[in-house]
Visitor: 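Following this message is one structure expressed as structure tokens.
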Amino acid sequence: MLQMLNINKFQINYKNLIFVIILIFIIDVQKIEAHKPFFPPESNSKEQALYINQPNISQVFYFILSEEKKEFWFELSLVKGHNLILDLGAPKFDDYQSKYPNLYLYYQDENDFTEVLSYTSDNKWGLSEFHEPFTNTYSWVYVKDRFLIENEGTYFVRVTSEYITDYKLWFATGIIEDFGISDLANFAGTRNKVRDFHSDTKDSDDIKTSLTDPPTSLENTNNFIGIIKINKSVIYVLILIIFIIVLFLYINRKLKQRLR
């Protein structure tokens, strides 16, 4: 009888331990950071502006400006008090270090279309470097700013280039990290796509084709893959969970055999 009580006590502790392990894993998973990349079609005018329907979600948009298409437009509907993130960068190519794109923020109401702020070669934010460890890509960052929205309404971000050669750029906004199961499932392909964008060995025409294949729609963010920067501790926790579960199952089996 005493042995039976010890077994029951062990089984209860075993269940509690599994619960604690799962809880630890859930907490640790919160450390996973997701940054949704988008490879949108061309948006070369205000009328064709790419609408960002979830401006709070952390996301990055990759595009190429050229001599023929020197502008890229984004449209956002923002509420008062929104902390608008304005990050503009490019792959860390040597010739990009001496270049500088232009970024403008506009506000539109019923009567007017007003420039709110701008970053140009005459009004530079400053050049810095950025390394994304999970894709192992390097970037120049031209603008890294935050702007507090005081008037609710429609805003436009316009990025322009004064150069005759192709200019690969990315624009990032949003602060909430968000990703889904489909993001994890398709992560490898998107990771390669981001790496290709940061490579200067591919032909520009091939890169342009890859940016718009397949066509994208911002209405369904689950179709896009977050760049998952997985904290190494998550992997360690997974291994630990598997090991402990196997160990306790083995011990539990041995204890049951003794009762027979």
Visitor: Do Lys193's NZ or CZ and the ring of Tyr62 fall within the cation-pi criteria of under 6.0 Å and 45°?
Guide: no

Visitor: Which atom names give the shortest non-hydrogen contact between Gly126 and Tyr100, and what distance separates them?
Guide: N-OH, 4.0 Å

Visitor: Show your reasoning for whether side-chain contact (heavy atoms from CB on, under 4.5 Å) applies to Lys46 and Gln108.
Guide: CA-CA 11 Å; Lys46 177 175 173 289; Gln108 178 176 291; 2.8 Å; yes

Visitor: Tell me every residue that passes side chain to side chain donor-acceptor pair (under 3.5 Å) with Lys69, counting only those two or more places apart in sequence or in another chain.
Guide: Glu42

Visitor: Passes side-chain contact (heavy atoms from CB on, under 4.5 Å), Glu150 versus Tyr107? Steps please.
Guide: CA-CA 11 Å; Glu150 296 181 354; Tyr107 171 68; over 6 Å; no

Visitor: Grab the two heavy atoms, one from Pro55 and one from Thr173, that are nearest each other, plus how far apart they are.
Guide: O-OG1, 4.3 Å

Visitor: Would you sort out whether Lys99 and Thr165 count as a side-chain contact (heavy atoms from CB on, under 4.5 Å), showing the intermediate values?
Guide: CA-CA 11 Å; Lys99 292 183 177 181; Thr165 57; 3.1 Å; yes

Visitor: Tell me which donor-acceptor pairs under 3.5 Å the side chains of residues 87-95 have, and how far apart each pair is, sequence neighbours excluded?
Guide:
from	atom 1	to	atom 2	distance (Å)
Asp87	OD1	Arg146	NH1	3.1
Asp87	OD2	Lys144	NZ	3.4
Lys92	NZ	Glu129	OE1	2.7

Visitor: Only counting residues at least two apart or in another chain, list the ones meeting ring pair (Phe, Tyr, Trp, His ring centres under 6.0 Å) with Trp73.
Guide: Tyr106

Visitor: Apply the test ring-ring contact (aromatic ring centres under 6.0 Å, His included) to residues Tyr96 and Tyr167: give CA-CA distance (whole Å), side-chain angles for both, the deciding distance (0.1 Å), then the verdict.
Guide: CA-CA 8 Å; Tyr96 281 14; Tyr167 198 179; 4.7 Å; yes

Visitor: Linking Ile, Leu, Val, Met, Phe, Trp and Tyr by side-chain heavy atoms under 4.5 Å, what else ends up with Ile164?
Guide: none

Visitor: Sequence neighbours left out, what passes side chain to side chain contact (heavy atoms under 4.5 Å, CB included) with Asn123? Give chain and number order.
Guide: Ser118, Thr120

Visitor: Could I get the full list of ring pair (Phe, Tyr, Trp, His ring centres under 6.0 Å) partners for Phe72, not counting sequence neighbours?
Guide: Phe63, Phe74

